[in-house]
Undergrad: 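Got a structure for you, written out below as structure tokens; questions coming shortly.
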Amino acid sequence: MAQIKPSLAKGTRDFSPLEMEKRNYIFDTIKTVFKKYGYQEIQTPSFENLQTLTGKYGDEGDKLIFKILNSGDFIAKISPEKYTTLNANSLTPLIAEKALRYDLTVPFARYVVMHQNDITLPFKRFQIQPVWRADRPQKGRYREFYQCDVDVVGSESLLNEAEFILIYKEALTNLGLRDFTIKLNNRKLLAGIADIIGKPDLLIDMTVAIDKLDKIGLDGVKKELISKGFDDADLAKLDPIISLSGSNSDKLATLKQVLKDSEVGQKGLEEVDMVLTYVSKLEAPALDNVEVDITLARGLNYYTGSIFEVKTNEVAMGSIGGGGRYDDLTGMFGLKGLTGVGISFGADRIYDVLSELNLFPESTTKGTQVLLTNFDQSAEDFALQLLHSFRRKGIASEFYPTTAKLKKQLSYADQKKIPYVVMLGTEEVSSGVLTLKNMTTGEQQKMSKEELLNIF
RNA sequence: GUGGUUUUAGCUCAGUUGGUUAGAGCGCCUGAUUGUGGUUCAGGAGGUCGUGGGUUCGAGCCCCAUAUUCCACCCCA
């Protein structure tokens, strides 16, 4: 076989031991909080039937789904006449029946429907697994990345939303982040705004444009709105909304005025207010991190109520988390009337943020504690017994697998940061006096096997 | 999908208007030290300059294509 140059697929990464330690620290921290709030873990397969995924993320999303080519001679199953009528879009379902999961929410919805007889509502689950997107990589954006999702299905209570805010606050704080904003919006507020302008069909265009305020400024937003079909009278009505500012209660007060003639808008206001009220009852200080932001446009294709997005203010990075409520989460799989709400942490972006801020703890796990040297074949039996004794005591230990120069073995211990080395050769075996070297101080101590084992 | 950018030793990077044998630091190996790491000193190995074409007497450097990195847009964690 021809030798090929080793390389990674675009947008993917290897994780070395040191990186895995840090990644696991993030997963463990988040997982601990999830459990504390009563969520149970599930996993679903890396790939789903393509049908399960398509049509759930909008046209843009569908393009970013990684499809898996069918096995076998799939081309033979398409008649030549039919083939000529196909384009890239219509050909795909004929040659790819499976696809890598794009997020964890849709597979979860499928899971709920398939296991509806086994689960009790409300069902609170968390899930930490990789997802794949055929996007072009850039800062904080990978083609394979981990999401940490918590969702609850079958509960309309806004208490869930409030608890998600607390979960964000607690997990991110535990990870060492200090300055982050949990943005809160509600689809019904946006619908209300589109309502009073009288252009409910343009809801998404309107929100997407307003969402760009930070990037393109007020004039840019107005320009985009006009290009989407809004007129000057609409802009006049939108103006107080786009430039909404002040505290959360200020914003809600202004919105109350603006939306007084919209039923759905009023409902949205009530919901936002209720979420904030619950947070204040559970843990009022968390409100400091919450910002009502009606420009938040995330996931408009599917969210129906609350919308969340989390950003760190300490480094420039896209959102490190997001989520929201779907009134009919499982409807697309035939189970009607089941509401779901959930949030997600972007573990890979959080990793990048913690790296940049130097927030990883010194060392999060303990490696090998003792290395038994190997420079003498005749000492092997003795060494293996000792190794076994260490391991029986639960001490992470290694026997250097081949006879080699002591220099090399000590370098190995040094590099792996193994704190203790036991010198073992013919001399030690015959005398029964072992030498323990402390790699930090360089000190050596002579002792019997029993004494040695008692130290650990 | 659109635009820009990057690629030279294991790693991080120099490399002049196109001109002899492509360099440095770190790492690695050997020795000083036949059973003592991390420090020090001496020496050594390691490169089809991302890949494929082209221009030229001559290409790491110029041109074309392609892959890849990073960045912005779209969108998103």
Undergrad: If you check every side-chain atom of A:Lys405, which of B:A72, B:G31, B:U69 has the closest atom?
TA: B:G31
Undergrad: Ring of A:Phe47, cation from A:Arg101 - is the NZ or CZ under 6.0 Å from the centre and inside 45° of the axis?
TA: no
Undergrad: Mind checking whether A:Phe399 and A:Asn374 have side chains closer than 4.5 Å, heavy atoms only?
TA: yes
Undergrad: Give A:Ser319 one of three labels, base, sugar-phosphate or nothing, depending on what nucleic acid heavy atoms sit under 4.0 Å from its own.
TA: sugar-phosphate
Undergrad: Nearest 0.5 Å, please: how far is CG in A:Leu189 from OG1 in A:Thr207?
TA: 10.5 Å
Undergrad: In this structure, how many angstroms lie between the C1' atom of B:U68 and the OH atom of A:Tyr142, rounded?
TA: 16 Å
Undergrad: Under the 3.5 Å rule, do the base of B:C75 and the side chain of A:Arg141 count as making a donor-acceptor pair?
TA: yes
Undergrad: Is it possible for you to check whether A:Arg125 lies under 6.0 Å from the centre of the six-membered ring of A:Tyr39, through NZ or CZ, and within 45° of that ring's axis?
TA: no
Undergrad: Is the NZ or CZ atom of A:Lys449 positioned over A:Phe382's six-membered ring, under 6.0 angstrom from the centre and within 45° of the axis?
TA: yes
Undergrad: Which value, in whole Å, describes the distance between the P atoms of nucleotides B:A72 and B:U5?
TA: 15 Å
Undergrad: Does a salt bridge link A:Asp135 with A:Arg143, judged by any charged N lying under 4.0 Å from a carboxylate O?
TA: no
Undergrad: Specify whether A:Phe308 and A:Tyr168 have parallel, tilted or perpendicular ring planes, treating 30° as the upper limit for parallel and 60° as the lower limit for perpendicular.
TA: perpendicular
Undergrad: Answer with base, sugar-phosphate or nothing: what part of the nucleic acid does A:Gly11 contact at a heavy-atom distance below 4.0 Å?
TA: sugar-phosphate
Undergrad: Does A:Gln138 make a side-chain N or O approach to OP1 or OP2 of B:A72 shorter than 4.0 Å?
TA: yes
Undergrad: With heavy atoms under 4.0 Å as the rule, sort A:Gly321 into base, sugar-phosphate or nothing.
TA: sugar-phosphate
Undergrad: For B:G53 and B:U17, measure between their P atoms and round to the nearest Å.
TA: 29 Å
Undergrad: Going by the rule side-chain contact (heavy atoms from CB on, under 4.5 Å), which residues pair with A:Thr339 if we only count those two or more places apart in sequence or in a different chain?
TA: A:Glu156, A:Arg325, A:Asp327
Undergrad: In whole angstroms, how far is the P atom of B:U5 from the NZ atom of A:Lys10?
TA: 16 Å
Undergrad: Measure the distance from CG on A:Asp14 to P on B:U69 and round it to the nearest whole Å.
TA: 12 Å
Undergrad: For A:Glu428, report the nucleic acid contact type (base, sugar-phosphate, nothing); a contact means any heavy atom under 4.0 Å.
TA: base
Undergrad: Over all strands shown, is A:Lys212 touching base, sugar-phosphate only, or nothing at heavy-atom distances under 4.0 angstrom?
TA: sugar-phosphate
Undergrad: With a 6.0 Å cut-off on ring centres, are A:Phe66 and A:Tyr102 close enough?
TA: no
Undergrad: Taking only the P atom of each, what is the distance from B:C11 to B:C73 in whole angstrom?
TA: 31 Å
Undergrad: Could you state the CD1-P distance from A:Ile216 to B:A72, rounded to the nearest angstrom?
TA: 17 Å
Undergrad: Mind checking which stems touch RNA chain B? I mean at least 3 consecutive Watson-Crick or G-U pairs, both distances under 3.5 Å.
TA: B:1-4 with B:70-73, B:10-13 with B:23-26, B:28-32 with B:40-44, B:50-54 with B:62-66
Undergrad: State whether A:Lys215 places a side-chain N or O below 4.0 Å from either non-bridging phosphate oxygen (OP1 or OP2) of B:C73.
TA: yes
Undergrad: Roughly how far apart, to the nearest Å, are B:U21 and B:C63 at atom C1'?
TA: 28 Å
Undergrad: Give each protein N/O atom lying under 3.5 Å from an N/O atom of nucleotides 36-40 of chain B, with the pair distance.
TA:
from  : atom 1 : to       : atom 2 : distance (Å)
B:U36 : O2     : A:Lys437 : NZ     : 3.0
B:U36 : O2     : A:Gln444 : OE1    : 2.7
B:U36 : N3     : A:Gln444 : OE1    : 2.4
B:U36 : N3     : A:Gln444 : NE2    : 3.3
B:U36 : O4     : A:Gln444 : NE2    : 3.2
B:G37 : N1     : A:Met439 : O      : 2.7
B:G37 : N2     : A:Asp414 : OD1    : 3.1
B:G37 : N2     : A:Met439 : O      : 2.4
B:G37 : N3     : A:Asp414 : OD1    : 3.4
B:G38 : O4'    : A:Asp414 : OD2    : 2.9

Undergrad: I'd like to know whether the aromatic ring centres of A:Phe345 and A:Tyr146 sit less than 6.0 Å apart in this structure.
TA: no
Undergrad: Mind checking if A:Gly140 touches a base, just sugar-phosphate, or nothing, with heavy atoms under 4.0 Å?
TA: base
Undergrad: Should the side chain of A:Arg349 and the base of B:C76 be counted as holding a donor-acceptor pair, with the cut-off at 3.5 Å?
TA: yes
